[in-house]
Amino acid sequence: MTITESLTLMLALLYGATQLWWAGKRFGAIAATISLLLALVISASLTLLVGTAIAIAGLALLQWRKPAFAKGDLRINDLRAGCQNLIVLSLLIVAIQYTVNSLMLKAGIADPWVARPNVVDAFLPIAGAIEVKGIVSLGLWDQNHPAAAVMLGIVLLTGLLCKRAFCGWACPIGLAGEYLYKLRKRVIKEELMPPRWLDWPLRMLKYLLLAGFIYLVVGMPAMGIPGYLQGNYHRIADLKMALFFLTPGLVTLCCFALILMIASWRRQGFCRYLCPYGAILGILSFFSPLKIRRNQQECLIDKGMKCDKCTRACPANIIVHTKTTVRSDECQACMRCVAACPKKAALGFGLPGNHMLSARSLMIGVLAIMFFLPLVAWLFGYWDSQIPDAIRMQLLQVADHIGH
Ligand code: SF4
Ligand code: SF4
């Protein structure tokens, strides 16, 4: 684990622990802090220790400069935006570190002083799915990109537990889409919504893409998995992916242009129509016990008044004000509807029986799943890639000639 990963991880987890404290869950905060200290002792890692020290200093600075954010004492939408932006910022730092590492390898430096952050394997979901298949069918644990399987499992777990909160609270592509959409709205003010009859087939596109990826993984014979995982293509799958984005061909450029157009055309356009991750999380989210729930006794409508603020606030165009439970696969648990509701107890995100979660609790849950599990995986030796830099450097020189 590199210093950037250690710092990001500890920053997110310690921030989550402080949020538990400020939310009055003192026992939980102490238990979380003890778990982190234990992880630190078990790992005996200087990198993790340095990351923890910087994270503590950063949190102290945050407490001093922005006490409201440090205490999570923010409105729902500000809390979510803060969480998304910080995750994107950490990914940007990781991306810079990865790029510098790759450029050094490309330049023939076999022992680059900037280490490769293993979290980039999160962008190899198909490799991660093949690895999971290898674990399940053959008991084979990949050592080349173990973080790919870990991150895939983590993202899917968020869908099972807290609907598409990953999309609403953490996904960098979703946030980029939101900024693009806002930019477009500055130039063209109107909403450019597709007609209802077109919206549904467009939404199904992401399920088609997902079906294609599942076909690729399921269709791969189990006996072919060891060969694939030991093959040169898999060994530099991350570099191939980076090259794909950095040196795009004409078809790729056209696809990028289409994606940008869709993302700026309608809010959450990419998530809604094209993202295969959104599709699988949408399916898993049906099983999530946590959902947006409307308390009819408290809702203004049931008191004879007119109100549809929750529906109007929803970026996914879900009709909220007439439902008691929002089951839609498009719900990203963003809680904008809850923020817009004028009656505090009328709408919430939680379990049946009016057991609602605050936005802060949801954020703590997302941070815990997304950052604690990688820490555990790392402690068990299933995070760092075992490919020596010298081999990566050699393979990178001939990357154009390496295929599936
Ligand atoms: S229903 Fe509420 S939580 Fe779900 S996407 Fe719409 S605004 Fe967000
Ligand atoms: S915004 Fe609140 S009060 Fe209004 S319809 Fe929705 S749940 Fe009911």
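Start at 1 and go down the list; that is how both ligands and their atoms are numbered.
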Which atoms of ligand 1 sit under 4.0 Å from any heavy atom of [X]?
X	result
Met335	3 (S), 8 (Fe)
Ala333	3 (S)
Pro315	7 (S)
Ile292	3 (S)

Are more than 12 heavy atoms, taken from residues, nucleotides or ligands other than Lys133, located less than 6.0 Å from that residue's NZ atom?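 More than 12 heavy atoms, drawn from other residues, nucleotides or ligands, come within 6.0 Å of this atom.
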Atom CZ of Arg75: over 12 foreign heavy atoms under 6.0 Å: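 12 or below, so no.
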Does any non-hydrogen side-chain atom of Ile225 lie less than 4.5 Å from one of Met220?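 Yes; the side chains approach each other to less than 4.5 Å.
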Taking the side chain as every heavy atom from C-beta outward, state whether Tyr207 and Ile283 have any pair of such atoms under 4.5 Å apart.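 Sidechains of Ile283 and Tyr207: in contact.
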Residues Arg116, Asp389; criterion salt bridge (charged side-chain N to carboxylate O under 4.0 Å, His left out); working and verdict: CA-CA 9 Å; Arg116 171 187 180 273; Asp389 280 329; over 6 Å; no
Under 2.8 Å from atom 6 (Fe) of ligand 1 - does any N, O or S atom of Cys314 fall there?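 Checking Cys314: at least one N, O or S atom is under 2.8 Å.
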Quick one: look up the protein heavy atom nearest [atom] and list residue, atom name and how far away it is.
atom	result
atom 5 (S) of ligand 1	Gln332 N, 3.4 Å
atom 7 (S) of ligand 1	Cys337 N, 3.4 Å
atom 8 (Fe) of ligand 1	Cys334 SG, 2.3 Å

Aromatic rings [X] and [Y]: how do their planes relate, parallel, tilted or perpendicular, breaks at 30° and 60°?
X	Y	answer
Phe69	Tyr15	parallel
His234	His145	perpendicular
Tyr382	Trp141	perpendicular

Determine, considering heavy atoms only, which of Ala339, Ala316, Cys331 sits nearest to atom 4 (Fe) of ligand 1.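 Answer by nearest heavy atom: Cys331.
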Strictly under 4.0 Å, does any heavy atom of Ala340 approach an atom of ligand 2?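 In this structure, Ala340 fails to qualify as a contact of ligand 2 - no heavy atom is under 4.0 Å.
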Looking at Lys185 and Glu191, is any side-chain nitrogen of the basic one under 4.0 Å from a carboxylate oxygen of the acidic one?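 Yes, charged N to carboxylate O under 4.0 Å.
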For Arg164, is there an ion pair with Glu330 - N to carboxylate O distance below 4.0 angstrom?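 Salt bridge: yes.
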Would you say Ser328 touches ligand 1, if touching means a heavy atom closer than 4.0 Å?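 Per 4.0 Å heavy-atom rule, Ser328 does not contact ligand 1.
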Quick check against the 3.5 Å criterion: does Arg80 have a side-chain atom that pairs as donor or acceptor with the backbone of Cys334?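 Side chain of Arg80 to backbone of Cys334: a pair is present.
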Using a cut-off of 2.8 Å, find all protein N, O or S atoms closer to atom 8 (Fe) of ligand 2 than that distance.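 N, O, S partners closer than 2.8 Å: Cys299 SG.
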